[in-house]
Protein chains: 2
Amino acid sequence: MNRHSRLHLEPASPIPIYLQIAEQLRHRIAAGTLLPDTELPSVRALASEHLINPNTVARAYLELEREGLLSKRRGTGTYVSTSATKLAATYRVQAVRDLLDKTIAAAAEFGLPRKQLRQLFEDRLSAAKEKSA
Amino acid sequence: MNRHSRLHLEPASPIPIYLQIAEQLRHRIAAGTLLPDTELPSVRALASEHLINPNTVARAYLELEREGLLSKRRGTGTYVSTSATKLAATYRVQAVRDLLDKTIAAAAEFGLPRKQLRQLFEDRLSAAKEKSA
DNA sequence: GCCACTGTATCGCAGTATCGATACAGTGAA
DNA sequence: TTCACTGTATCGATACTGCGATACAGTGGC
């Protein structure tokens with residue numbers, strides 16, 4: 001089994017643990033840190049490492065399996081699926097697309113002109129740039 | 001009491017009733033359909049009209065009071081506050097701003113280049129335009 | 001076959017949120 | 001003061017969610 005750097009889990013967070021796990025694995029897959037066909041830690045191994053329940057890990061794995069990022073074989077283990085890297089990227093683009101649609105819908109719904117929405121978008125983009133710099 | 005067109009409530013919706021009420025009132029206030037200083041239906045009146053509990057209406061009113069859109073006087077009634085129209089508008093702009101920030105953060109977090117994000121934004125904007133046309 | 005490892009299914013507990021029933025409290029006109 | 005109207009506070013039923021304990025089931029090396 002490969003060496004994985006520990007996940008960063010916050011039990012006190014309002015975000016459920018299984019979603020924290022899923023998101024961090026998704027991120028690593030998209031970033032190429034977790035390569036296709038890599039074997040993941042067993043649900044028990046990851047669970048005991050983080051002092052949580054194996055089912056909680058299983059639930060995270062299930063999420064990612066549904067997204068096509070992981071493939072599981074009972075009795076054998078859980079693996080990053082072959083096409084995962086590309087999939088994870090498109091999955092994340094889709095997430096951004098959804099957020100954009102939601103934003104645009106919210107703006108349209110109360111009659112914010114397209115021009116102002118564009119302006120706002122550019123504003124926030126610069127604001128984000130400032131912060132990161 | 002003024003004549004208000006009925007709210008459209010869906011008890012089966014996953015969105016809580018009190019939020020449905022709040023959102024629709026917010027919308028009417030921002031749109032100028034509900035003018036400042038207008039008296040709203042009493043919690044009991046609105047509740048019995050929609051066959052729900054007065055407390056559910058009260059909770060919606062409470063939300064809007066916190067946002068400064070309504071002002072309540074026990075024993076007297078609930079009124080659209082004087083500066084509500086402007087407030088509601090800024091409230092909604094803020095909502096869009098928050099969504100934009102969330103979107104930009106999501107894009108940045110997995111390294112989507114600004115250029116592509118802009119492209120995506122324009123894409124979705126046109127897509128929305130198509131749909132509305 | 002045996003055994004130690006995989007993932008999975010079932011059950012129950014605890015925390016939380018929505019909403020209703022009901023009782024409480026303030027206001028103002030008669 | 002009285003009464004009919006306002007909003008408010010309290011309590012409980014119900015549903016849902018996250019997650020743990022525990023038992024079940026498949027796989028492969030010995």
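As a basis for the values below, the full set of heavy atoms in this structure was taken, side chains included, without hydrogen atoms, waters or symmetry mates. Protein chains get the first letters and strands the later ones, always in sequence-line order, with residue 1 at the start of each.
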Task: Candidates dG7(D), dG18(D), dT27(D) - which lies nearest the side chain of T76(A) - done: dT27(D)

Open item on the list: Side chain of R74(B), heavy atoms from C-beta onward: which of dG7(D), dC19(C), dT27(C) has the nearest atom to it?
Closed with: dG7(D)

Task: Test applied, side-chain contact (heavy atoms from CB on, under 4.5 Å); reference residue, L25(A); option that passes from L69(A), T33(A), L7(A) - done: L7(A)

Task: Atom-to-atom span, CD1 of I17(A) to P of dT17(D) - whole angstrom - done: 17 Å

Task: Side-chain N or O of Y18(A) closer than 4.0 Å to phosphate OP1/OP2 of dG18(D) - done: yes

TODO: Drop me the distance from F121(B)'s CZ to I104(B)'s CD1, to the nearest 0.5 angstrom.
DONE: 9.0 Å

Open item on the list: Whether S42(B) contacts dT6(D) is assessed here as follows: a side-chain N or O lying under 4.0 Å from the phosphate OP1 or OP2. Is that the case?
Closed with: yes

TODO: Whole angstrom is fine here: how far is it from CD1 in I15(A) over to P in dT17(D)?
DONE: 17 Å

TODO: Give the rounded distance in Å between these two atoms: CD of E10(B) and P of dC19(C).
DONE: 13 Å

Task: Check: dT22(D) base within 3.5 Å donor-acceptor of N53(A) side chain - done: no

Open item on the list: Quick check: on DNA chain D, is the nucleotide nearest G75(B) upstream (toward 5') of the one nearest L51(A), or the reverse? Name the residue that is more 5'.
Closed with: G75(B)

Open item on the list: Going by salt bridge (Lys or Arg N to Asp or Glu O under 4.0 Å), E65(A) matches just one of R26(A), R59(A), K72(A). Which one?
Closed with: K72(A)

Open item on the list: Strictly below 4.0 Å, N to O, side chains only: are R114(B) and E122(A) in salt-bridge contact?
Closed with: no

- [ ] May I ask you to verify if any side-chain N or O of K72(B) is less than 4.0 angstrom from the OP1 or OP2 atom of dG26(C)?
- [x] no

Task: Rounded distance (Å) that lies between atom C1' of dT6(C) and atom CG of L70(A) - done: 15 Å

Task: Sidechain N-carboxylate O distance under 4.0 Å for R92(A), E23(A) - done: yes

Task: Nucleotide dT22(D), atom C1' - distance to CD1 of I52(A) in whole Å - done: 17 Å

Open item on the list: Using whole Å, what does the distance between atom P of nucleotide dT6(D) and atom CD of E65(B) come to?
Closed with: 17 Å

- [ ] Check whether the side chain of N55(A) and the base of dT10(C) form a donor-acceptor pair under 3.5 Å.
- [x] yes

- [ ] Assess whether one donor atom and one acceptor atom, taken from the side chain of R44(A) and the base of dG7(C), lie less than 3.5 Å apart.
- [x] yes

Task: Rounded distance (Å) that lies between atom C1' of dT6(D) and atom CG of L62(B) - done: 16 Å

- [ ] Establish, with yes or no, whether the OP1 or OP2 oxygen of dC19(D) is under 4.0 angstrom from a side-chain nitrogen or oxygen of R59(A).
- [x] no

Task: N or O in side chain of T56(A) less than 4.0 angstrom from dG20(D) OP1/OP2 - done: yes

- [ ] Let me know, please, whether P11(B) or T78(A) comes out on the 5' side of the other along DNA chain C by nearest nucleotide.
- [x] T78(A)

TODO: Would you mind reading off the distance between L46(A) atom CG and dC5(C) atom P, rounded to a whole angstrom?
DONE: 17 Å

